[in-house]
Amino acid sequence: MTSVTFAQFSVETHDGDPILDGSTWTFNIYGLGIAELPFWVNNESATEEIYMKIEFVSAVNGDGSGVQLCFGLCYLDLVFGASYPPGTEVVTIQPGENQGFPGDHIANFVDGGGNPIEYVFRFYQVDASGNPTGEDLSMTYRYDPNLSVGDNAPAVALLQNLVSTQLKLRTQERMTLSLYDLQGKKVGQYSLSEGDQSVDLTHLSASMYMAVMQNDAGQQKTFKIVKR
């Protein structure tokens with residue numbers, strides 16, 4: 001799957017699924033292994049190196065204890081509002097490459113007392129002096145122990161991915177559809193009920209888009225669609 005560009009950088013999982021601005025990634029166990037969200041940060045510039053940091057923005061039902069962020073180096077027990085790498089350190093990414101650290105990931109190590117936990121992270125670019133520059137990208141890592149083991153994606157299917165005017169879907173549960181263009185900008189959001197759905201896309205220009213489906217439990221499935 002093609003990664004989605006956001007300013008001069010893009011973020012994707014090791015499987016090539018785009019991590020989009022505003023997205024939520026949900027896991028039903030904690031600790032290393034399947035609860036890891038491994039990621040790449042890609043430099044989309046062909047000529048300039050970029051400098052990256054990740055901010056630990058906030059948490060719900062958590063204080064940062066027991067959450068790990070690996071970005072160049074690994075950090076455990078994160079602090080609200082702190083950026084990693086800390087201080088003046090940055091992760092430098094060469095033109096056309098990713099950060100090159102295959103162990104980079106987000107992982108939760110606490111059970112939350114049986115309650116869901118959400119951690120919000122912000123990826124952002126800085127200049128050579130460490131000043132934020134350009135756009136940023138925020139995402140949520142969610143641990144929900146109430147999900148069954150088989151619940152790993154919302155129950156939805158595209159009836160076609162080549163669209164002229166109407167995007168047709170079939171859903172088995174209530175969910176939200178978010179559409180993003182290839183610059184990572186959200187261009188539409190729609191609330192869907194159960195059953196066959198039709199979403200009017202006549203207002204969009206002919207291009208490729210990413211359709212991100214999210215159910216009430218925070219589980220996501222991403223599709224690539226082409227608007228003619």
Side-chain angles (χ1 to χ4, degrees), residues 1-28 37 39-42 44 54-55 57-60 106 116-124 134-144 147 151-228:
M1 181 180 293
T2 303
S3 62
V4 175
T5 304
F6 203 94
Q8 266 193 288
F9 69 92
S10 65
V11 185
E12 63 183 3
T13 70
H14 286 186
D15 292 330
D17 294 322
I19 297 177
L20 299 172
D21 185 52
S23 63
T24 300
W25 297 77
T26 303
F27 300 83
N28 59 3
L37 176 61
F39 61 83
W40 300 114
V41 178
N42 303 310
E44 300 295 339
I54 300 176
E55 179 188 4
V57 178
S58 62
V60 176
I106 299 167
I117 308 174
E118 292 187 353
Y119 305 108
V120 178
F121 294 88
R122 182 174 71 96
F123 294 73
Y124 66 100
E135 301 290 345
D136 56 7
L137 181 154
S138 295
M139 52 78 61
T140 300
Y141 175 107
R142 188 172 195 263
Y143 161 67
D144 188 347
L147 296 180
D151 289 338
N152 55 12
V156 58
L158 287 186
L159 300 184
Q160 95 283 6
N161 62 359
L162 186 61
V163 182
S164 294
T165 57
Q166 303 291 316
L167 174 64
K168 298 185 182 299
L169 312 98
R170 179 168 296 153
T171 68
Q172 297 180 26
E173 56 186 320
R174 186 177 62 184
M175 60 186 60
T176 299
L177 163 65
S178 298
L179 289 176
Y180 296 84
D181 63 19
L182 292 184
Q183 284 69 49
K185 178 183 178 181
K186 184 183 288 187
V187 296
Q189 182 168 303
Y190 312 87
S191 296
L192 304 179
S193 56
E194 182 179 346
D196 288 355
Q197 310 287 319
S198 183
V199 178
D200 185 8
L201 300 185
T202 54
H203 64 289
L204 295 180
S205 302
S207 183
M208 183 182 297
Y209 296 90
M210 303 305 299
V212 181
M213 311 296 304
Q214 180 169 308
N215 62 15
D216 290 343
Q219 302 161 291
Q220 291 188 333
K221 182 179 287 187
T222 301
F223 300 96
K224 180 170 62 177
I225 65 172
V226 177
K227 171 70 164 55
R228 295 186 295 186

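Inter-residue side-chain proximity for His14 and Trp40 is flagged as met; some heavy-atom pair is nearer than 4.5 Å. Between Val212 and Leu179 the shortest side-chain heavy-atom distance does not fall below 4.5 Å. Residues Phe123 and Phe9 are in side-chain contact: their nearest non-hydrogen atoms beyond the backbone lie under 4.5 Å apart. Two residues are said to be in side-chain contact when any heavy atoms from C-beta on lie closer than 4.5 Å; Glu12 and Asp17 fail this criterion. Residues Ile106 and Ile54 are not in side-chain contact: their nearest non-hydrogen atoms beyond the backbone lie 4.5 Å or more apart. In this structure, the side chains of Val11 and Phe121 stay at 4.5 Å or more apart for every pair of heavy atoms. Residues Leu201 and Thr165 form no side-chain contact, since every pair of their non-hydrogen atoms from C-beta on lies 4.5 Å or further apart. Looking at heavy atoms from C-beta onward, Glu55 lies in side-chain contact with Tyr124 at the 4.5 angstrom threshold.
The minimum heavy-atom distance between Met175 and Asn215, with the atom names listed, is CB-CA, 3.8 Å. Residues Leu177 and Met213 approach most closely at CD1-SD, 3.3 Å, considering heavy atoms. Of all heavy-atom pairs spanning Leu20 and Met139, the tightest one is O-CB, 4.4 Å. Minimum interatomic distance between Thr24 and Gln214 (heavy atoms only, all atoms of both residues): CB-OE1, 3.6 Å. Across every non-hydrogen atom of Leu204 and Lys227, the tightest pair is O-NZ, 3.2 Å. Nearest heavy-atom pair, His203 versus Val187, reported as atom, atom and distance to 0.1 Å: NE2-O, 4.0 Å.
Around the CD atom of Gln166, the shell of radius 6.0 Å holds more than 12 heavy atoms that belong to other residues, nucleotides or ligands.
Taking the six-membered ring wherever Trp is involved, the centroid distance between the rings of Tyr119 and Tyr143 does not fall below 6.0 Å.
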Worked check of ring-ring contact (aromatic ring centres under 6.0 Å, His included) between Phe27 and Tyr141: CA-CA 8 Å; Phe27 300 83; Tyr141 175 107; 4.9 Å; yes
Chi angles and distances behind the salt bridge (charged side-chain N to carboxylate O under 4.0 Å, His left out) call for Lys186, Asp21: CA-CA 8 Å; Lys186 184 183 288 187; Asp21 185 52; over 6 Å; no
Residues Arg142, Val60; criterion side chain to side chain contact (heavy atoms under 4.5 Å, CB included); working and verdict: CA-CA 9 Å; Arg142 188 172 195 263; Val60 176; over 6 Å; no
Asp196/Thr171 under side chain to side chain contact (heavy atoms under 4.5 Å, CB included): CA gap, chis, key distance, verdict: CA-CA 6 Å; Asp196 288 355; Thr171 68; over 6 Å; no
Trace of the side chain to side chain contact (heavy atoms under 4.5 Å, CB included) decision for Trp25 with Ile19: CA-CA 9 Å; Trp25 297 77; Ile19 297 177; 3.7 Å; yes
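If you check the side chains of Arg228 and Ser164, you find a donor sitting under 3.5 Å from an acceptor. For Ser10 and Glu44, the side-chain atoms include at least one donor-acceptor pair closer than 3.5 Å. Side-chain contact of Thr13 with Asp15: a donor-acceptor pair under 3.5 Å is absent, judged by distance alone. Side-chain polar atoms of Thr26 and Asp144 form no donor-acceptor pair below 3.5 angstrom.
In this structure, CZ on Arg174 lies 4.0 Å from CG on Asp216, to the nearest 0.5 angstrom. To the nearest 0.5 Å, atoms CG (Leu192) and CD (Glu173) are separated by 11.0 Å. Between the OG atom in Ser23 and the CE atom in Met210 there is a gap of 11.0 Å [rounded to 0.5 Å].
With sequence neighbours excluded, no residue satisfies side chain to side chain donor-acceptor pair (under 3.5 Å) with Lys168.
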